[in-house]
Amino acid sequence: MLDKKVEDLKILFTQEQIEKRIEELAEKINNDFGTKEDLTLICVLKGSSIFFCDLSKHLKMPVQMEFIRVSSYGNSQTSSGHVQAMDLTLPNLEHKNVLIVEDIIDTGCTMKFLLDILCRTHKPKNLKVVTLLNKKIARKTDIEPDYYGFDIDDKFVAGYGLDYEGYMRNLPYIGYFE
Ligand code: IMP
Ligand code: MG
C-alpha cells in the first residue's frame, strides 16, 4: 500500500503549463538544430517517456527515437547517487546530432554517467541535453542541461512521467508532496 495518495499531491505545473512550455522548448530546439539535419532523440526510461513523446511531436527535423533505461532512485525519495545501467543499447551515433531527453535533473549523477558513456563510446557530432525539470538546488555534479522546462525547489515531485514508488506517472500534471 502506498502511504501517499494522488489526492495528497499539490499541483506544481498544470497540464496547460506543461504543454505551453514544451512548445517553447521545441521551438528553441528547432531553431538551434535546424530543420534539415537528422536528430537522434534519446529517451531516458522510464521517467522521461511522456515528456519525450510530447516534445517529439513538435520537432520539425527528421527525428530518430531511441530508448535507454537507467535506474538511480530505487524506491526512495532521495537520489542514491548510484546509477545502474539497465539497458544502454543504442545504434552507432558517431557524427550524429543527439539530444538526451530527461524528466528531471536532480543531483546530476545520472546525466553525468550518461554523458560520459555517450561521449566516450559513441563520439556524436553534437550532444545536448533537455530536461523538463531542473532541480538545480540539489546538484552534486557540474552538470547543466542545455534546455530545461522549469526550475524547481528541492521537493519530491510526481506525475507526467515521474513516479512515486512506481505509480502516478500517468498523471497529466506535476505535483509535489508536502
Ligand atoms: P539524479 O541522478 O540525482 O540527477 O536523478 C535523476 C533521476 O532521479 C531522474 O531521472 C528521476 O528518474 C529521478 N528523480 C529525481 N528527482 C525526482 C523526483 O522529485 N520525483 C521522481 N523522480 C525523481
Ligand atoms: Mg529519469
Side-chain angles (χ1 to χ4, degrees), residues 2-4 12-13 18 22 25 29 39-56 63-171 174-177:
L2 289 179
D3 57 358
K4 293 191 175 88
L12 193 56
F13 302 112
I18 297 169
I22 289 177
L25 282 176
I29 294 166
L39 178 62
T40 304
L41 297 179
I42 299 183
C43 175
V44 187
L45 292 170
K46 303 172 189 170
S48 82
S49 53
I50 297 182
F51 173 47
F52 180 82
C53 292
D54 285 349
L55 178 73
S56 72
V63 155
Q64 288 183 309
M65 293 158 95
E66 297 295 335
F67 299 82
I68 57 176
R69 190 162 159 224
V70 291
S71 177
S72 74
Y73 250 53
N75 275 338
S76 102
Q77 288 184 28
T78 49
S79 193
S80 65
H82 297 284
V83 186
Q84 209 184 339
M86 314 294 275
D87 179 8
L88 296 182
T89 314
L90 285 167
N92 183 10
L93 298 173
E94 210 172 332
H95 311 308
K96 294 263 195 181
N97 292 320
V98 177
L99 181 64
I100 304 179
V101 184
E102 251 294 28
D103 51 353
I104 183 165
I105 299 183
D106 183 6
T107 62
C109 293
T110 304
M111 194 49 68
K112 195 175 178 61
F113 173 83
L114 289 177
L115 287 171
D116 284 350
I117 290 189
L118 283 171
C119 286
R120 215 166 354 97
T121 59
H122 289 275
K123 302 185 179 60
K125 176 166 97 177
N126 190 357
L127 179 59
K128 295 261 160 72
V129 173
V130 58
T131 183
L132 181 61
L133 302 178
N134 192 19
K135 224 190 256 183
K136 200 170 163 56
I137 197 166
R139 206 70 97 247
K140 292 186 183 146
T141 57
D142 57 359
I143 295 296
E144 283 310 321
D146 298 284
Y147 310 92
Y148 66 87
F150 305 100
D151 230 325
I152 65 166
D153 292 340
D154 199 1
K155 291 191 171 103
F156 184 82
V157 293
Y160 198 75
L162 294 126
D163 74 304
Y164 166 62
E165 310 255 330
Y167 291 86
M168 305 187 191
R169 294 191 198 273
N170 60 315
L171 301 176
I174 294 169
Y176 66 96
F177 295 109

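- Between the Lys135 side chain and the Lys155 main chain, a donor and an acceptor come within less than 3.5 Å of each other.
- The heavy-atom pair separating Ile105 from Pro145 by the smallest distance is CD1-CB, 4.0 Å.
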Determine whether Ile100 and Leu115 satisfy the following criterion, side chain to side chain contact (heavy atoms under 4.5 Å, CB included), listing intermediate values before the conclusion. CA-CA 9 Å; Ile100 304 179; Leu115 287 171; 3.9 Å; yes

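- Summarising the local packing, CG of Leu88 is surrounded by more than 12 heavy atoms from other residues, nucleotides or ligands at distances under 6.0 Å.
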I'd like to know whether Tyr160 forms a side chain to side chain contact (heavy atoms under 4.5 Å, CB included) with Ile50, so could you lay out the CA-CA distance, the side-chain angles of the two residues, the decisive distance to 0.1 Å, and finally the verdict. CA-CA 6 Å; Tyr160 198 75; Ile50 297 182; 3.4 Å; yes

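- You'll find the side chain of Asp163 stays beyond 4.5 Å of the side chain of Lys46, heavy atoms only.
- Between the CG atom of Leu118 and the CE atom of Met111 there is a distance of 9.0 Å, given to the nearest 0.5 Å.
- Taking the side chain as every heavy atom from C-beta outward, Leu41 and Val130 never approach each other to under 4.5 Å.
- The shortest non-hydrogen separation linking Asn134 to Asp151 is O-OD1, 2.8 Å.
- Looking only at distances, no side-chain donor or acceptor of Thr110 sits under 3.5 Å from a matching main-chain atom of Ser71.
- Within a 6.0 Å radius of NZ in Lys128, more than 12 heavy atoms belonging to other residues, nucleotides or ligands are found.
- Listed here is the closest heavy atom pair of Ile143 and Gly108: CG1-O, 3.7 Å.
- Of the N and O atoms on the side chains of Asp153 and Tyr176, not one donor lies less than 3.5 Å from an acceptor on the other residue.
- Between Val129 and Leu114 there is no side-chain heavy-atom pair separated by less than 4.5 Å.
- At a threshold of 4.5 Å between non-hydrogen side-chain atoms, the residues Thr40 and Leu90 do not count as touching.
- Taking all atoms of both residues into account, the shortest heavy-atom contact from Ser48 to Cys43 is OG-SG, 3.4 Å.
- Residues Tyr164 and Asp3 are in side-chain contact: their nearest non-hydrogen atoms beyond the backbone lie under 4.5 Å apart.
- With contacts defined as side-chain heavy-atom distances shorter than 4.5 Å, the pair Ile174/Leu132 qualifies.
- Lys112 and Asp142 are joined by a salt bridge, as a carboxylate oxygen and a charged side-chain nitrogen come within less than 4.0 angstrom of each other.
- Looking at Asp54 and Ile18, their side chains never come closer than 4.5 Å, going by heavy atoms from C-beta outward.
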Take Phe150 and Leu12 through the test side chain to side chain contact (heavy atoms under 4.5 Å, CB included) and record every step on the way to the result. CA-CA 10 Å; Phe150 305 100; Leu12 193 56; over 6 Å; no

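- Between Asp154 and Ala138, the closest heavy-atom pair is OD1-CB, 3.9 Å.
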Take Phe52 and Leu45 through the side chain to side chain contact (heavy atoms under 4.5 Å, CB included) test and state the conclusion after the steps. CA-CA 10 Å; Phe52 180 82; Leu45 292 170; over 6 Å; no

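- A salt bridge links Glu144 to Arg139: one of the charged nitrogens lies within less than 4.0 Å of a carboxylate oxygen.
- Side-chain atoms of Val63 and Met65, non-hydrogen and from C-beta on, do get closer than 4.5 Å to each other.
- For the side-chain contact (heavy atoms from CB on, under 4.5 Å) test with Lys4, the passing option among Phe156, Phe177, Tyr167 is Phe177; the others fail.
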